[in-house]
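Step one of this worksheet: look at the structure below.
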Amino acid sequence: ELLNHFKQHPELCQKLVEDSSDKRFSPSTFIQAEKEKYIVGYVDDSYSPMTRDILYFHTIEEAVTDYVLFSLGMSRLK
């Protein structure tokens, strides 16, 4: 249901990607657009940033869905 919602509201997907890039704290989840893919993961610490639990997606809708689920501590898409 969440994925379908994001497919119907692409402007919301873009807003969430932009909001993630504006985060100024860690640890936190993130979503990042990079060329032809989207990256979703977790940044451990601002003093020694390490990313983990990285997943790659081809569509913004799938990436945003995973980002929201991951941020809420729920089961991820893949």
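Here the structure is a predicted model, which is why all the values come from computation and not from measurement.
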Item to complete: Measure the spacing between OG1 of Thr59 and NZ of Lys37 and express it to the nearest 0.5 Å.
Response: 14.5 Å
Worksheet entry | CD on Glu61 to CG on Leu3, rounded to 0.5 Å | 7.5 Å
Worksheet entry | Contact summary for Tyr42 and Phe30, nearest pair of heavy atoms | N-CE2, 3.4 Å
Discussion item. Once rounded to the nearest 0.5 Å, what's the spacing between atom CD of Glu18 and atom SG of Cys13?
Written reply: 11.5 Å
Worksheet entry | Audit row: Ile31, Ile39, side chain to side chain contact (heavy atoms under 4.5 Å, CB included) steps and yes/no | CA-CA 6 Å; Ile31 182 171; Ile39 304 167; over 6 Å; no
Worksheet item: Is there a path from Met74 to Val64 through hydrophobic residues (I, L, V, M, F, W, Y) whose side chains come within less than 4.5 Å of each other?
Response: yes
Worksheet item: Is Tyr56 linked to Val43 within one hydrophobic cluster, defined over Ile, Leu, Val, Met, Phe, Trp and Tyr using a side-chain heavy-atom separation of less than 4.5 Å?
Response: yes
Practice prompt. Take Leu69 and Leu2 through the side chain to side chain contact (heavy atoms under 4.5 Å, CB included) test and state the conclusion after the steps.
Written response: CA-CA 9 Å; Leu69 293 172; Leu2 187 59; 4.2 Å; yes
Item to complete: Using a 4.5 Å cut-off on heavy atoms from C-beta on, say whether the side chain of Leu55 contacts that of Phe70.
Response: no
Donor-acceptor pairs are to be reported for all side-chain atoms of residues 4-12 against protein atoms at under 3.5 Å, with residues two or more places apart or in another chain.
{"from": "His9", "atom 1": "ND1", "to": "Glu11", "atom 2": "OE2", "distance (Å)": "3.4"}

Discussion item. When you compare the side chain of Arg76 with that of Asp53, does any pair of heavy atoms fall below 4.5 Å?
Written reply: yes
Worksheet item: Less than 4.5 Å apart, any side-chain heavy atom of Leu77 and any of Thr65?
Response: yes
Item to complete: Specify the closest pair of heavy atoms between Tyr67 and Ser20, including all atoms of both residues, with the distance to one decimal.
Response: OH-CB, 3.7 Å
